Amino acid sequence: MTLIKYHHKQPPKDGVLHFSVFGKPVSFQSSKTHKERITRKIQQIVAPVEYILSGDVQFEIQWIVPEKYRYESDSSPDVDNIIKPTLDALVGPNGIMIDDCQVKSVKCYWEDWERREQQVNIKIIFDSDHWLRMEGLKFIHVENGLCFPFPIGIPEDSVKAYVQLIRTAVKAKSKLELNLEDYYRVRLILPVQRFYHKSRLRRFEVIEASSF
């Protein structure tokens with residue numbers, strides 16, 4: 001099962017992706033070497049994908065494992081401990097989402113089967129309108145740590161106007177929020193595409209708006 005074969009250019013319209021990772025999952029308490037192993041496996045699967053999800057994301061993680069190993073082995077990880085390494089492997093420029101602050105919910109469970117091999121089936125549910133192309137993806141740091149995706153292909157003479165438009169929206173939002181004290185009403189003046197805090201974009205290139 002792979003998400004690459006049919007959906008590497010843009011995400012599916014139904015907002016659901018599936019893929020499988022063959023082999024044992026690793027625990028949050030596992031060594032760095034074991035965590036890096038699962039990270040490499042997952043990132044190899046998503047490597048051909050040319051986009052990154054930028055909205056809320058829900059995960060369903062199904063661990064297929066023999067009951068005997070699950071109950072009678074001291075090396076079988078707890079279900080809740082396999083979540084973090086799996087999600088971490090899907091974050092950043094080599095993953096499928098920008099930051100794990102996008103994760104809205106996680107369902108994780110195991111199921112028995114008679115084969116000795118193990119695998120983890122991952123289902124990702126997302127807003128099909130919220131995604132960005134990965135090629136050349138950068139972020140503009142506007143103010144107060146807030147960053148916005150910088151789209152590729154804007155004509156050079158329009159870049160300054162684009163940056164100014166984003167800065168104006170953020171400043172207006174800050175001023176209105178101070179006066180109205182109502183985040184949800186004020187949020188409506190910002191673009192639909194969400195902003196990200198600079199601290200969550202360590203793996204991406206961030207450009208200061210003042211440089212424009």
Side-chain angles (χ1 to χ4, degrees), residues 7 9-17 46 49-61 83-84 86-108 122-212:
H7 304 298
K9 292 288 185 183
Q10 64 182 54
K13 296 296 184 183
D14 64 357
V16 181
L17 289 168
V46 301
V49 173
E50 298 176 17
Y51 56 84
I52 195 162
L53 305 177
S54 60
D56 289 340
V57 179
Q58 299 179 63
F59 280 88
E60 181 175 311
I61 302 172
I83 296 173
K84 183 66 173 168
T86 303
L87 298 187
D88 284 349
L90 290 165
V91 167
N94 297 318
I96 198 77
M97 60 181 176
I98 295 167
D99 182 74
D100 53 14
C101 71
Q102 295 171 242
V103 179
K104 192 172 184 178
S105 68
V106 180
K107 177 181 180 182
C108 186
I122 298 172
K123 179 180 179 181
I124 307 173
I125 303 169
F126 59 95
D127 186 333
S128 59
D129 291 327
H130 288 186
W131 59 279
L132 301 164
R133 297 198 181 280
M134 271 300 302
E135 182 184 3
L137 179 61
K138 302 174 184 177
F139 290 82
I140 306 170
H141 177 214
V142 185
E143 65 173 37
N144 298 327
L146 294 182
C147 301
F148 197 74
F150 187 84
I152 306 165
I154 296 182
E156 191 173 339
D157 58 352
S158 301
V159 170
K160 189 174 181 180
Y162 173 82
V163 174
Q164 187 59 46
L165 179 66
I166 301 302
R167 294 186 78 179
T168 300
V170 171
K171 288 180 179 180
K173 182 253 186 189
S174 298
K175 187 175 181 179
L176 283 171
E177 191 173 1
L178 185 64
N179 293 330
L180 298 176
E181 296 183 351
D182 189 337
Y183 166 81
Y184 296 100
R185 285 175 60 194
V186 174
R187 172 68 180 82
L188 296 175
I189 72 171
L190 294 180
V192 173
Q193 169 59 53
R194 73 168 58 182
F195 287 76
Y196 284 85
H197 195 275
K198 189 176 182 181
S199 63
R200 298 185 176 275
L201 299 172
R202 296 186 187 93
R203 305 183 202 177
F204 293 91
E205 182 177 354
V206 177
I207 306 168
E208 293 297 326
S210 57
S211 67
F212 295 97

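Note that this is a predicted model, so its numbers are computed, not measured.
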Roughly how far, to the nearest 0.5 Å, is [atom2] of [Y] from [atom1] of [X]?
| X | Y | atom1 | atom2 | result |
| --- | --- | --- | --- | --- |
| L146 | H141 | CG | NE2 | 7.0 Å |
| S54 | L132 | OG | CG | 4.0 Å |
| H130 | D56 | NE2 | CG | 8.5 Å |
| C147 | I140 | SG | CD1 | 9.0 Å |
| L53 | D127 | CG | CG | 9.5 Å |
| L87 | D99 | CG | CG | 11.0 Å |

Requested in this report: Using the test ring pair (Phe, Tyr, Trp, His ring centres under 6.0 Å), find all partners of F204 that sit at least two apart in sequence or belong to another chain.
Outcome: F139
Do [X] and [Y] make a side-chain contact, defined as non-hydrogen atoms from C-beta onward lying under 4.5 Å apart?
| X | Y | value |
| --- | --- | --- |
| R194 | Q102 | yes |
| V159 | F150 | yes |
| R167 | E143 | no |
| V49 | I96 | yes |
| Q58 | V103 | no |

Requested in this report: I would like to know whether D100 and K84 meet side-chain contact (heavy atoms from CB on, under 4.5 Å); could you show each step before the answer?
Outcome: CA-CA 10 Å; D100 53 14; K84 183 66 173 168; 3.1 Å; yes
Query - Audit row: K198, E208, salt bridge (charged side-chain N to carboxylate O under 4.0 Å, His left out) steps and yes/no - result: CA-CA 11 Å; K198 189 176 182 181; E208 293 297 326; 2.9 Å; yes
Query raised in the report: Can you check side-chain contact (heavy atoms from CB on, under 4.5 Å) on I125 and F59, steps first, answer last?
Result: CA-CA 6 Å; I125 303 169; F59 280 88; over 6 Å; no
Query raised in the report: Under 3.5 Å, is there a donor-acceptor pair between the side chain of R185 and the main chain of E177?
Result: no
Requested in this report: Could you pull out the closest heavy-atom pair between I52 and G92, with the gap in Å?
Outcome: CD1-O, 3.6 Å
Report task. Give the minimum heavy-atom separation between K138 and I207, together with the two atoms involved. Result -> CD-CD1, 3.7 Å
Requested in this report: Check the angle between the aromatic planes of W131 and Y51 and answer parallel, tilted or perpendicular using the 30° and 60° thresholds.
Outcome: perpendicular
Query raised in the report: Can you name the residues that form a side chain to side chain contact (heavy atoms under 4.5 Å, CB included) with D14, not counting sequence neighbours?
Result: P12, V16
Query raised in the report: Do other residues, nucleotides or ligands put more than 12 heavy atoms under 6.0 Å from the CZ atom of R187?
Result: yes
Report task. Could you go through the side-chain contact (heavy atoms from CB on, under 4.5 Å) check for M134 and E50 one step at a time? Result -> CA-CA 5 Å; M134 271 300 302; E50 298 176 17; 5.6 Å; no
